[in-house]
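Step one of this worksheet: look at the structure below.
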Amino acid sequence: MLDVRGISVAYGPLTAVRNLSLSVADGAIVSLIGSNGAGKTTTMKAIIGLKPVSGGEIYFDGERIDGASAPRRVGRGIALSPEGRRVFPQMSVLDNLLVGSYSQRDKAHQRKTLDQIYGYFPRLVERRSQMAGSLSGGEQQMVAIGRALMARPRLLLLDEPSLGLAPIIVDEIARIIVEINRDIGMSIILVEQNAKLALNLCNEAYVLETGAVALSGKGKDLLASDYVRRAYLGI
Amino acid sequence: MNPPTTKPMSYVGIAVAVGLAVLLPWFAPNQFYVHLATVGCINLMLVLGLAIIARAGQLSMGHGGFALVGGYVSALLSMKGWPPLLTLFIAAVVAAVIAAALGWIILRLRGVYFVLVAFAFSQIAVLLALDMSSITGGANGLVGVPPISIFGYVLRAKPQFYPFALVCALTTLLLTWLLYRSPLGTMMAATAENQRLTESSGIDTHRVQVIAFTVGSGIAGFAGALSTHYLRFISPDSYTFWESVSYLTMLVVGGRDGVLGPVVGVVVLTPLPELLRSTEGLQHIIYGAVLVLCLMFVPNGLASLIQTWRSRQRVATTGAARVAEEVP
Amino acid sequence: MSMDIILVQTVVNGLMVGMIYVLMAIGFTMVFGIMRIVNFAHGEFYMAGAFLFAILYGSNGLPFSISVLLAIGATALLGLLMERIVFRKFRGNELNGMIASVGVALILQNSALLMWGSSARTVPPVVSGVLSVGGIVFPWSRLVVIIGAIVAVVSLNLLIGHTRIGRAMRAVAQDAEIAQVQGIRVDVIFPVAFVLGVSLAGFAGVLMAPVLSVSPFIGLAPTLKAFVIVVIGGLGSVPGAVAGGLLIGLIESFAGTFVSASLSEILQFLVVIAVVLLRPQGLLGRKEREA
Amino acid sequence: MSMLQVESLKRSFGGLVAVRNVSFEVNEGDFLGLIGPNGAGKTTLFNVISGVLSPSAGTVRFLGRDISGQPANQTVRQGLSRTFQAATIYPEATVIENVARGTLASNVSGLWGGFLSSKWRVAAKDKASGVLDLFGLTRRAGLKARELSYGEQRRLGVAIALASEPRLLMLDEPVAGLNPEEAAELASVLRRVKSERGVTMVMVEHHMRTVMGLCNRVVVLDHGTLIAQGTPAEVVSNPVVIEAYLGKEAIHA
Amino acid sequence: EDSVTIGVHASFSGAGAAFAEGMLAATDFAAEDVNKGGGLEVGGKRYKILIKQYDDRYRAADAVTAMDRLMIQDGIRFVVGPMGSAAAVATKDQTTSGKVITMTLAFTPRALGADAPFAYRPVITTGEFSDPQVAWLMKNTSAKQVVSLLPNDETGQQIGVANFNSYAKAGAKLQVEYFERERVDFVPILTRLLTKADGLELGGNSPTTAGLILKQARELGYRGPVFVTGGDVAAEMLKVAGKDAAEGVYVHLPIDTGLPDTAAYVARFKAKYGPNMNGFSPFFYAGLQMLFTAMKKAGTVDDTTKIATTLDGLSDVPTAMGNAGWTGEQKYGIKHQIDLPFYVGQMKDGVVTKVATCDVNACK
Ligand SMILES: Nc1ncnc2c1ncn2[C@@H]1O[C@H](COP(=O)(O)OP(=O)(O)OP(=O)(O)O)[C@@H](O)[C@H]1O
Ligand SMILES: Nc1ncnc2c1ncn2[C@@H]1O[C@H](COP(=O)(O)OP(=O)(O)OP(=O)(O)O)[C@@H](O)[C@H]1O
Ligand SMILES: [Mg+2]
Ligand SMILES: [Mg+2]
């Protein structure tokens with residue numbers, strides 16, 4: 001479904017991602033792990049189109065998309081729940097979610113997805129009309145994920161969804177990720193610091209180090225690898 | 001912090017610039033240039049005052065109001081017989097005290113709200129000057145403001161006044177530079193960039209901003225008074241909303257980061273209307289276009305061009321080092 | 001006139017003037033709210049609308065509705081041009097955008113001066129006469145302005161608060177990058193918002209032209225009023241602009257009637273300072289969460 | 001000796017009570033963990049203690065002094081610093097400059113101190129490079145802070161707070177966004193800071209491994225109310241805490 | 001070829017631009033006349049008249065800069081302007097010490113004086129026309145309690161004081177109310193003022209403003225007499241307020257278009273600059289005619305002292321508006337105020353009829 005071929009991304013003189021390739025099969029969960037500054041977020045931004053690539057190609061459904069604008073890629077079925085939440089602080093929770101369905105004009109569909117999201121995150125129901133900026137960190141994370149889901153994407157990019165969430169919610173999110181993937185067959189790229197969680201959830205995983213893929217394989221295999229255990233699981 | 005890196009080259013540059021400014025009366029083709037230079041000195045003080053306020057993260061659209069207050073205070077006192085040399089400083093103090101009082105109340109406001117209140121203050125100052133005609137002469141203003149005299153030497157004509165204005169401007173420039181280098185200057189910059197974090201580093205950001213506002217407005221008061229004694233006239237129209245905007249314009253076009261920006265802004269924009277005068281009718285359109293183009297293509301101010309040019313080499317070397325470092 | 005008639009008259013008049021201000025302020029607040037540009041050229045679009053209407057309707061005698069549409073259309077086009085050439089470069093850069101808008105104001109005002117001359121023009125009244133209810137006088141010409149303003153305010157509020165494009169505008173206003181990832185075409189939203197905002201100013205100009213006079217210099221005063229109103233009403237808030245506009249209108253009316261005209265202006269500014277101090281987020285603005 | 005005493009503290013926003021009648025103490029040398037579900041009021045509690053928000057009711061005492069409602073900057077100068085949940089840095093300044101700014105309050109006396117000398121600058125840089133070293137950011141010292149990755153920005157936030165030489169440091173989710181290895185690394189830095197510099201710490205953290213490894217005492221909030229406190233071991237086996245916060249899988253990676 | 005340059009120093013941008021345009025047009029016509037005739041013949045040489053304009057943006061500091069440039073940079077010795085009172089006062093020292101002959105529009109009494117031997121005023125101000133007109137009006141109407149609305153700027157304040165005194169002399173009471181310059185809605189003020197007034201004075205307002213006030217006053221039901229003792233408002237006011245509202249209003253007429261030369265000037269202006277002629281324009285034309293006469297008589301275009309002395313001595317110079325001379329010795333201590341007749345008119349059925357002819361002493 002998604003095929004990233006040898007992309008490089010630079011911030012001015014600094015190359016954050018170099019010659020990186022990865023692919024996501026239909027209905028798969030792919031995890032990206034790596035230390036701070038490894039280039040995970042940058043990769044996500046390159047896929048969604050917030051950051052232009054300086055080399056390489058990106059294919060989605062067999063079509064080349066690295067020249068398309070972000071809104072166009074969203075229209076094709078990619079959505080991002082960004083790192084650091086980035087909710088619209090002065091809009092209500094409901095409006096945040098509705099903005100998420102901007103490219104999804106069908107009202108009935110919209111309602112259905114909304115109910116689904118309220119089902120995943122009951123907390124958001126009671127906060128519906130509160131300004132998103134005054135929510136607690138965890139609540140904002142729920143809004144950010146919900147907002148991405150509202151676009152009913154076929155490929156969901158989750159950048160550190162467990163960041164700042166209570167363990168009980170992290171479990172919840174993990175469950176929801178699996179559920180979404182199973183119910184709708186949505187493909188997911190998951191960037192996580194919580195490597196154990198990420199590797200447990202995914203089919204395929206990539207380990208990024210200083211902007212390049214250092215290791216890749218089945219999640220379960222990596223979980224068992226000595227190197228990963230030492231470097232990313234702290235064991 | 002970022003201490004302005006002063007290399008021998010810069011010292012030479014500064015010395016040449018100051019030397020040219022000092023010698024201007026001798027090589028200027030006529031006194032019109034001396035007049036323009038004097039106006040430039042006064043503008044520079046006003047813009048530096050504004051730059052100090054901006055350094056702490058606030059924008060004063062009422063800067064003209066403080067110049068107006070300073071101008072009237074100095075004019076009225078000196079017309080009562082006080083020596084102008086003294087009333088200049090009283091004007092600065094009065095403007096500063098008003099700014100401190102106002103600042104204490106309004107600086108809790110952020111951004112545009114602060115801008116609005118400062119703007120409202122300057123409007124009130126103009127309206128009061130208009131309405132209290134028994135004191136201020138109303139809309140007609142005050143005529144016959146005495147000239148400045150230093151130990152009996154009267155600064156009546158342009159060549160006499162210019163050196164004094166230049167000394168005032170250079171002193172302000174030096175003090176501003178010192179301020180920017182000091183811890184207080186660093187606190188101002190920090191406050192501007194992230195007030196909450198600065199507050200959490202133990203710095204009373206409210207006070208830092210009040211001080212910046214007070215000092216900047218005091219300078220405006222002084223400059224307003226200086227200009228009044230130069231023109232020997234002041235009226236409510238002397239410092240309106242448009243003056244406040246034009247100082248801001250000089251600051252933004254010149255650049256906000258150091259003391260160089262205000263200098264460049266003043267040097268470019270003070271004579272610009274004169275250069276355009278021959279285009280009768282089109283001059284304001286061209287002026288507006290120059291403004292827009294400057295902001296479009298040199299958004300950080302013209303001074304940033306000079307800085308970029310100066311540090312190009314430095315950036316190139318560190319840039320290379322950075323890339324090298326990234327390679328695993 | 002008896003005291004209570006004067007009182008009613010004062011209130012009514014304050015509301016009339018207030019609505020006139022509201023009309024200016026909502027366009028201004030929209031442009032600020034979405035593009036983060038304090039547009040000091042806003043009044044020049046008001047001037048352009050008024051002038052175009054004066055020329056089309058007043059001088060060339062075109063039918064009223066056609067003149068209105070053409071004048072607003074042309075103002076919108078001018079707005080689009082300015083957005084494409086100038087303002088798009090200054091999105092989100094509050095300070096530079098503000099100064100650039102001063103440059104644009106200079107350009108527009110002096111172009112009008114070159115094209116149309118400096119003297120004031122008048123437009124024949126579209127409607128005349130007064131509606132008099134129990135001794136209270138409502139000039140019809142102003143009622144038209146009020147009705148126009150109300151229509152504009154209500155429809156804009158609906159647009160921003162409850163439509164897809166309105167939500168998109170708000171999203172872009174708060175975080176343009178993230179709005180893009182919602183599929184919103186930011187490069188379309190900005191000009192749409194800008195053109196909408198200045199068209200409102202043009203509309204205000206059209207409405208006011210028959211009531212007042214038209215010259216190249218009529219833009220600044222309403223811009224400053226709009227600025228004041230928008231800030232006391234809460235930036236980016238349309239209901240706030242309405243409240244602020246009515247408040248200023250009432251103060252102006254009451255101070256003018258019972259105190260004196262010159263004091264009225266001072267009083268307005270004092271009230272502004274008081275409002276801003278007591279409710280720094282503006283009358284109807286909302287506070288952001290700290291930390 | 002008790003360093004921080006929180007007594008019947010309450011804070012509400014409109015109708016919503018975010019912190020309700022909370023009392024606890026922090027002793028000198030403590031490493032106190034503050035946990036609780038999202039929206040429990042932990043950050044609000046931090047804000048009230050550090051002076052960013054004023055309490056609706058109740059008092060906060062620090063080193064015996066009543067500091068409730070006192071402006072944040074004063075509290076910091078008395079020795080209580082905090083970090084923010086979102087990365088809070090000076091994005092346009094260099095990394096070293098960021099940390100140097102953190103030293104200002106403790107480095108110069110008053111606002112006008114050091115006006116004419118430049119000794120303070122050298123001292124500030126020295127101190128800042130020491131702190132950067134501790135946090136493994138020396139390599140990044142010359143970069144603009146906005147060029148750092150998110151995790152590095154988080155670390156930088158802690159470094160800035162530490163630069164003000166606090167006696168009590170309050171950390172809001174310091175390891176969020178770090179991978180387990182880095183979290184462990186930061187934990188060891190914090191441990192060292194605590195032992196070498198004698199800094200008492202309070203930490204909000206959802207990363208239970210870090211909490212278990214660092215804290216000697218844990219306080220649990222839920223819906224603004226204190227529902228449990230004790231040693232980490234006691235707290236994680238408390239059924240109320242498991243129910244409200246940890247979930248069935250009691251210890252997380 | 002030899003030439004003399006006339007500087008036009010006025011506010012070409014901002015709300016005063018209409019005045020500036022009128023001044024420029026007058027200079028343009030005066031120069032055109034001379035140049036068409038082969039130039040100004042002075043001392044056996046022929047001089048072409050050139051024009052250079054300077055914008056003071058209605059700001060005193062800019063006025064000083066522009067005047068400096070005009071005098072020092074461009075070496076000009078003859079100026080039409082400065083326009084505003086602030087500009088005139090602020091540049092007084094400069095022009096006096098530079099011996100530059102100025103023809104100002106400023107209404108302030110301080111624009112003229114023995115300390116400014118080179119400053120002339122070719123327009124008639126409130127100081128001249130207020131007394132005789134008000135005396136005549138009070139004699140011919142029954143108004144006793146008159147209210148006046150004026151903009152709160154230098155012109156407004158000036159006129160307010162002058163009018164107040166004139167009405168007092170004529171035995172009536174004038175209440176002056178100042179409003180901020182940008183105001184366009186006068187209903188609140190009028191509501192308060194008109195309850196106890198039996199006369200409304202609008203002199204000193206721009207034509208449009210006077211029209212707006214008149215319209216709003218009539219809308220409020222005011223039917224009493226209305227006086228406009230200044231400016232050239234008749235045509236514009238009629239347009240803004242409408243025929244009905246304007247009926248019976250007394251207006252000041254600076255010029256009498258019944259005079260053939262005056263009518264010719266108006267027609268000439270219309271042909272080149274459009275229909276909206278500023279009423280002061282022909283006065284500057286007259287002032288320049290006098291200046292050129294003085295140059296010829298003095299036989300120099302350089303010695304401004306000599307030209308000024310000659311100019312002072314001129315009387316009964318034929319101009320477009322009748323024979324002109326200088327007056328103002330009593331009021332200003334110097335005879336530098338132009339002396340020309342002016343008129344009172346009344347609106348009747350949408351046209352203005354001349355009802356009195358005045359000079360500085362009385363109206364008939
Ligand atoms: N806006 C920017 N400007 C300059 N450099 C940047 C910018 N954003 C990121 N970088 C650099 O790019 C590299 C990769 O950053 P990125 O944010 O992709 O890392 P990450 O793997 O997501 O890290 P983290 O886990 O901390 O979020 C880092 O070295 C960072 O310093
Ligand atoms: N300024 C505010 N206005 C309105 N409600 C607020 C405000 N600040 C916080 N709240 C509410 O108070 C509650 C507590 O928020 P707080 O940020 O303290 O939670 P937290 O415990 O830090 O959560 P997290 O672990 O997710 O960061 C939340 O429900 C939040 O929505
Ligand atoms: Mg990241
Ligand atoms: Mg929190």
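Here is how names work: the chains are called A, B, and so on, in the same order as the sequence lines, proteins then strands, and each is numbered from 1.
Contact check for B:M187 versus D:R101: no side-chain heavy atoms found under the 4.5 Å cut-off. With contacts defined as side-chain heavy-atom distances shorter than 4.5 Å, the pair B:N194/D:I89 does not qualify. Annotation: side chain of D:E97 is in contact with side chain of B:T186 (closest heavy-atom distance under 4.5 Å). A heavy-atom distance below 4.5 Å is not found between the side chains of B:S201 and D:L104.
Among residues two or more places apart in sequence or in another chain, the salt bridge (charged side-chain N to carboxylate O under 4.0 Å, His left out) test is passed with D:E205 by none. A search for salt bridge (charged side-chain N to carboxylate O under 4.0 Å, His left out) contacts involving D:E165 returns D:K127, not counting sequence neighbours.
Heavy atoms of D:A72 lying under 4.5 Å from chain B belong to its backbone as well as its side chain. Interface remark: D:P91 contributes backbone and side-chain atoms alike to the contact with chain B (heavy atom separation under 4.5 Å). Proximity to chain B (any heavy atom under 4.5 Å) is shown, for D:A93, by both the backbone and the side chain.
In the displayed structure, D:K194 atom NZ is contacted under 6.0 Å by more than 12 heavy atoms of other residues, nucleotides or ligands.
In the model, D:T88 has a side-chain atom that pairs as donor or acceptor with a side-chain atom of B:R196 under 3.5 Å.
Distance CG/B:L197 to CG/D:N98: 7.5 Å, rounded to 0.5 Å. In this structure, CE on D:M170 lies 10.0 Å from OG on B:S200, to the nearest 0.5 angstrom. Atom CZ of residue D:R77 and atom CD1 of residue B:I203 lie 9.0 Å apart, to the nearest 0.5 angstrom.
The backbone N or O of D:E92 lies less than 3.5 Å from a partner atom in the side chain of B:E193, making a donor-acceptor pair.
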